[in-house]
Structures are given as structure tokens and as C-alpha cells.
Engineer: 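After the C-alpha cells below, expect a handful of questions from me.
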2 protein chains.
Amino acid sequence: MSVTSSAKNKVSRTTVRDVARLAGVSVGTVSRVVNRVDNVTPLIRSRVEAAMISLNWKPSMLAQNMRDQSSRMVGFIFSDLDNPLFASMVKGAESVLTKAGYQLIVGSSNDSAEHERSLIELFGQRQADGLIFTMTDEGNPDVLASLSRASFPVVMIEREVTIPSSGKVVADHYEGTLQATRYLIGLGHRRIALITGGQNNFVGRARMRGFMQAHREHGLEPVLRLIRSDDRIADAAFGYRETQLLLSMNGRPTAILALGRKLLRGVLAACRATCTRIPEDISLIATNDSELAELVQPAVTVVRYSAFDLGSEAAHLLLHRLGAGNDWSPSTIVVPTEIVIRGSCAGPGQGSKGSAL
Amino acid sequence: MSVTSSAKNKVSRTTVRDVARLAGVSVGTVSRVVNRVDNVTPLIRSRVEAAMISLNWKPSMLAQNMRDQSSRMVGFIFSDLDNPLFASMVKGAESVLTKAGYQLIVGSSNDSAEHERSLIELFGQRQADGLIFTMTDEGNPDVLASLSRASFPVVMIEREVTIPSSGKVVADHYEGTLQATRYLIGLGHRRIALITGGQNNFVGRARMRGFMQAHREHGLEPVLRLIRSDDRIADAAFGYRETQLLLSMNGRPTAILALGRKLLRGVLAACRATCTRIPEDISLIATNDSELAELVQPAVTVVRYSAFDLGSEAAHLLLHRLGAGNDWSPSTIVVPTEIVIRGSCAGPGQGSKGSAL
DNA sequence: TTGTAAGCGTTATCAC
DNA sequence: GTGATAACGCTTACAA
């Protein structure tokens, strides 16, 4: 066994005690000074402050947390930071939490329920004061069980899960999809395709309802074959596959509603591959504004909402809950959606030359 | 003063003591069981385990941290999560840190040195075990001072700061820019514009060196007027402004190197606004691959590197440092860059019809 | 093999 | 107004 000569230089942290000794007072007094509480004689106060500065001492938050059994940290579990929606939500949450003296600890689930479960347990052991959560599968019993065992309040984003003492923040996907579909119907479209994620979470269901409602309002029947919804992840590959399939149908759609952040890339790629022109051959509406939607030609009409607001509202809700203690009832905050009209939609007649099929 | 009846139901946390009592053993034994250490009689062990399960007890990490003076948390300070580069870095760092039992706590600086300073102090009070950091301004003395006062090791990403016991991870921007510039020169370009961020950090400087070196190799003199570098943030607005300026010059460039994640959007917008065609009127190379670069038409040639790797390598470096203790010397990890050729570049003659100026 | 107790750094309660 | 001390929940010498 080798003994390093420098092995013993473990400089132990300076503590209240050091400050107290230097200032010639007791630890209690030092504590009262930093926490600006009680009456402390100005003379003593300044002596203590001088000592604090000269030793560069700040109270250990670990010890503070230990004492009042609260870490002043909030966990945020999301599926994937590479999705700019989640990145914005985290940014939104962080911006309000740090202002309130809380720290954000993050965890990616990568859409694994098992990861979600273990992160929840972990945050519990760390005595997180709260959790902001975008559950992958709203129905997963293991995750739900962990959640209800948890000792901290939870705010869900974009999910419709009711567990005790949890609130939720959602975007108004119903309204957004309703508007988008109405717009297409108004342009004269009757065969409108819907590509969207599955019905296993709030977002997919709300969009489906909006889509249906817009048809119903106009006395139209949605074409069921044109509804491409998957219980799995709605990624670019899914968008590509489904678009190709739709374009190759006879009785193919005259418009596509691609609702899901990652779909646009796949949809555009499939249109390119099949030489399908937008909006001449097909109209397109996507969700979640992006550089891509804005700068591709033609620019793509989108249903937009603020992911940042989803995160910041979730944080506000959680803080409110933390302040209110027990007299608090779960509530829901709805973030608005809007439709941004660009050049990717036209009437269905508008030059529908035979496709390259 | 109102007294809520439920005010007293502060269910105090179950502790080792509860488990010990239930199992009929001492707290030490319980601790030895959870930490799978020492010899514990199988009989006793199983009694303890049963008690743990029935009480649903897990050791409080707060107390553990308190005891061994380590929070098993690593801080990550970046400027802005809305920049997908930072999001990927965070994802990369988080993926290796959680695997090693550390938690990531995040902080946005929004490019404010003051925020950076206070986050460093905060992480110090929280007794973070380490910090991963993308400093906004490498030269800021306040931040540097906080950093050197800090009690934890630091790994810098994309910065060239040498403080004691810090390592760094950088992408090979010199090489990437060298290759890109060589490529343009090889196509026949002689008036190449460079739009890039300032020289106040490693990235800008490395790119500038690569740009210069490629010219030197070919015995060419860079056209200084065409170098648009700013000490401030290189955002889309900057890209737009500088592109317009470049396009309106006489002796205007035949190619633009837009090096900076946010520039592309502005450059493309400016080209649109001035009806400048790519690559017929001007060739373009950007940095950091994106959906936009890939799917806009023509697709844009880019210098690419993995931001995820920057983050994960930084985490590895930090973990290595944490494991190695004192016998560790600061080191640098270089992540490779590559150039992805797409359709945005052509020879300078290639149809340079008078621009729409 | 197991129990006991000190100690991690703070703050709040109680004397003085 | 200030000082001493218990307590937060855990781990680890050390004692038995």
C-alpha cells in the first residue's frame, strides 16, 4: 500500500464554529447574523460579518437542508433534451425556480418507464421538494405507483394523470388542432390526413378530438384510412413512412396535418423523395414552430405554442403548492395555442397534377 | 391565529431507527445491511431487509451527503438551453453522470457573467462535487476569481481557461474551419467571407486560425473586409445584418463561411430578402448540423461535430478527476469535426448573374 | 457479529 | 442580547 505524502491535506471545511471563534462569539450568534434575525448588537454584528468575509464562509446548504429536511431542489424528468420542446420547458422551469431559491435537478428517461421509476425513487431519496414530470406512458402502473408513494408534490406537463396532490399544465392542443383542421376544410379540403402520436397520452387524444370536432362542425365524416396514429413514438421515420404511404394511396389526401415535433422532417423528406410539391400537390400543417418550418420553402403553416411557458407555469404551480402546504387543491393550467399561417396550404384544386407515383 | 386541525400531521420521515426497532437490531446493523458491508448473520440480514421493505425505507441521501461531505451532484452551467448545442451537451453529460451515481444540477447563465458567478457560489454552498462549465467570456476576472476559489474541480467545454485542477474538452474547430476553407479555395473561391463570433473565446479564435491557415497554405491573402467577427453574441440577427452588408459590397464575396450555430437562419433570410441564389450567386458553409441545414434547398454544407460527445467527454473527465483525487493533472480532450458536403457550394464562376441589389 | 456513540454543519429552543 | 445544546439521519470506529 502506498502512502501519498499529500494524502493528509484534507482541508476540512470552515464552519460556523471557525467564524464564531474568530469573532469571539458563539455559533448561535453567527447563525443569527447570517439569517438576519433577532436583535444582534451592531458591534457584534459587524465583528461577525468581518469574520465571515475574512474566512470566506457561507453556510453549508447541505447542513441547512439536513436540518430542515428539505433540499430546496426540484426534479424535472423528461424524455429527451434533444427535443427542443423539452429543452425549452426545462429552461422555463429553471428560470422561475432559481429565482425562488430552488435548484433544478434533471433526469432523462429516454422514454423508458423503468428509468422514470428509478429517477422518482432517486429524487425521493434526495428529498426533492417537488417534481415536474412529462410521463412517457400515462398508463404505466409501476410509474404511477412510484408517483403516489412519493413524498413530494408533482406537476405534470402535457399529461392527464390524476394522482393526489398533483397539478398539471397542458397546451391547448384541442383548440389548436380544431383551428388547423377548420382552416383546411375552409380551403376546400375534404380528404385530410392526420399523422400524430398515439392515444396513450393527453396530447394525442386532444388532437384527435379537435380533428374530429372540426369535421363534425361541417357535417363531414373524417376519412378513417387517412388517420395515421401510432402508439409508439412519432419520430421523423414515422413521419416519412406514413407520408409515403399516404401519397401512394388512391383517394390520397389533399392535405396533411402532421402533429408532432419530429414529424415535419420526415414528411418533408418523403415529399421530396416523391417529387410532391407543397402546396400545389398537397397542403401541409405541422406543429411546433421551428427554424425549419420557418425557413424551408414554402414556409410551413404551424400550430404554435410556448414550451417555455409550459415549463415556467409548471414551476409556478409547484411553487404555489409548496407555499400553500396542505390547503391546496390540484389545478390545471392551460397554455394557449395559435395557428401561424404560412405558404404551405392551398385549395385542393390548385394544380393537382398527377403525382410522381 | 387560526389553528388548522391537520396542522400536526407532519408525518416524520421513517429513519434507520424505525427500521432497527422493527427488526429488533441496532441502527449500526441496519446501516451495515444496506451498505452490504461487514459480516451480518443471514438471519439478521433477512430480518432487517424485511423491515426495510415493510417500512419502505431507503437511506436519506441528504444525511449521507452530510456525513461524507459530498453531495454526489455535479453542476452544469451553460448559457442557454434553447441552443440545441447546449441541450445536447447536457444530455451527454447527464447520460454518463447518472450512470456513475451522480446527479446533474443545471443553471442557465443567459450569457451573464454575474449569473455565472452566483451559480458558481451557489454550487459551492451546495457542495457540488464538480462543475462542467461553458464560460461566456473567457476573460472575465470576477468569474475567474470565483472559479479559483471554488472547492470543486472544473471541466470547461469549448473554452481555453487554465485554472488549477481543471480540465477541458473542445471540438477541433481549427481543423474543421481549415477543411471548409480549403474546400472553398479548391472550388476556386478567392473572396471568402467569414462570419463568426468574437475572439473572446476559444471557438472564435480557433476558427480564425483555421481560416487564415488555409489561405496561407495556398499563398493567398484573406480579404480583411470580408471578415465579420464580433465580440458580442453571434446570433441570427448578426448573421442577417452581416450577410446583407457583404452582399451589398462591391468586390463582394463569392462564398460565405457562417460559423456559429445561430447564424444560418439569418444568413438564409438575408439571401432570400436579396434574391441571392445559393450556390449560383454565392456559396455557403455553416456550422453545426441541423434539420434546417439538411432540409432547406439546397441543403447546406456544414462543419459538423457532436455536442453530445463534448458533454459526455466532459463528464468522463470529471469523473476521472473525482476518482483520482490529487494525483491528477489537467488534461484536454479534443472532439473531432468533419465537413459534410451538400449542395450549397459551387465554383465562383458558376452563373454569377448580377445580384438583385 | 453486533451495539454504542461521536460527528458531519446548521438552526432553534432554552437559559442566562 | 447572547451562549450552550439538542436535533436533523446517517456511517463508522471502537467496544463488547
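The chains referred to below are lettered A, B, ... by the order of the sequence lines, with proteins before strands, and numbering in each begins at 1. Since the structure is predicted, the reported quantities are computational estimates derived from the model, not experimental observations.
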Engineer: Output the rounded distance in Å from CD (Gln69(A)) to P (dT11(C)).
Structural biologist: 14 Å
Engineer: In whole angstroms, how far is the P atom of dA12(C) from the CG atom of Asp68(A)?
Structural biologist: 8 Å
Engineer: Do we get Arg159(A) above Phe202(A)'s six-membered ring, with its NZ or CZ under 6.0 Å from the centre and within 45° of the axis?
Structural biologist: no
Engineer: So does Lys91(B) pair up with Glu94(B), basic N to acidic O under 4.0 Å?
Structural biologist: no
Engineer: Grab the CZ-P distance between Arg21(B) and dG3(C) for me, whole Å please.
Structural biologist: 14 Å
Engineer: Nearest whole angstrom, please: distance from the P of dT11(C) to the CZ of Arg72(A).
Structural biologist: 13 Å
Engineer: Go through it in stages, so that I can follow the logic: the residues are Asn65(A) and Ser71(A), the test is side chain to side chain donor-acceptor pair (under 3.5 Å), and I'd like the CA-CA distance, side-chain angles, deciding distance and then a yes or no.
Structural biologist: CA-CA 5 Å; Asn65(A) 294 340; Ser71(A) 61; 5.7 Å; no
Engineer: Would you call Arg126(A) and Leu62(B) a side-chain contact if the rule is heavy atoms closer than 4.5 Å?
Structural biologist: no
Engineer: In terms of side-chain geometry, is the basic nitrogen of Lys168(A) or Glu160(A) positioned less than 4.0 Å from the acidic oxygen of its partner?
Structural biologist: no
Engineer: Decide whether Gln127(A) and Ser70(A) meet the rule of one side-chain donor and one side-chain acceptor closer than 3.5 Å.
Structural biologist: no
Engineer: Going by atom types only, do Ser146(A) and Glu121(A) share a side-chain donor-acceptor pair under 3.5 Å?
Structural biologist: yes
Engineer: Of Thr136(A), Thr134(A), Asn110(A), which is the lone residue that meets side-chain hydrogen bond (donor to acceptor under 3.5 Å, both in side chains) with Glu116(A)?
Structural biologist: Thr136(A)
Engineer: Between which nucleotides of DNA chain D, read 5' to 3', does contact with chain A run, using atoms under 4.0 Å from its heavy atoms?
Structural biologist: dG1(D) to dG9(D)
Engineer: Would you indicate what Val40(A) reaches in the nucleic acid, counting non-hydrogen atoms under 4.0 angstrom: base, sugar-phosphate, or nothing?
Structural biologist: sugar-phosphate
Engineer: Touch check for Thr41(B), heavy atoms < 4.0 angstrom, all strands: base, sugar-phosphate only, or nothing?
Structural biologist: sugar-phosphate
Engineer: Which heavy atom of Phe152(B) sits nearest a heavy atom of Phe123(B), and at what distance?
Structural biologist: CE2-C, 3.9 Å
Engineer: Donor-acceptor pair, Asp129(A) side chain versus Arg72(A) backbone, under 3.5 Å?
Structural biologist: yes
Engineer: Tell me, which of residues 50-67 of chain A have any heavy atom that sits under 4.0 Å from an atom in DNA chain D?
Structural biologist: Met66(A), Arg67(A)
Engineer: May I ask you to decide if Thr15(B)'s main-chain N or O and Asp18(B)'s side chain share a donor-acceptor pair within less than 3.5 Å?
Structural biologist: yes
Engineer: Considering the terminal five base pairs at each end of the helix from dT1(C)-dA16(D) to dC16(C)-dG1(D), what angle separates the two local helix axes, rounded to 10°?
Structural biologist: 50°
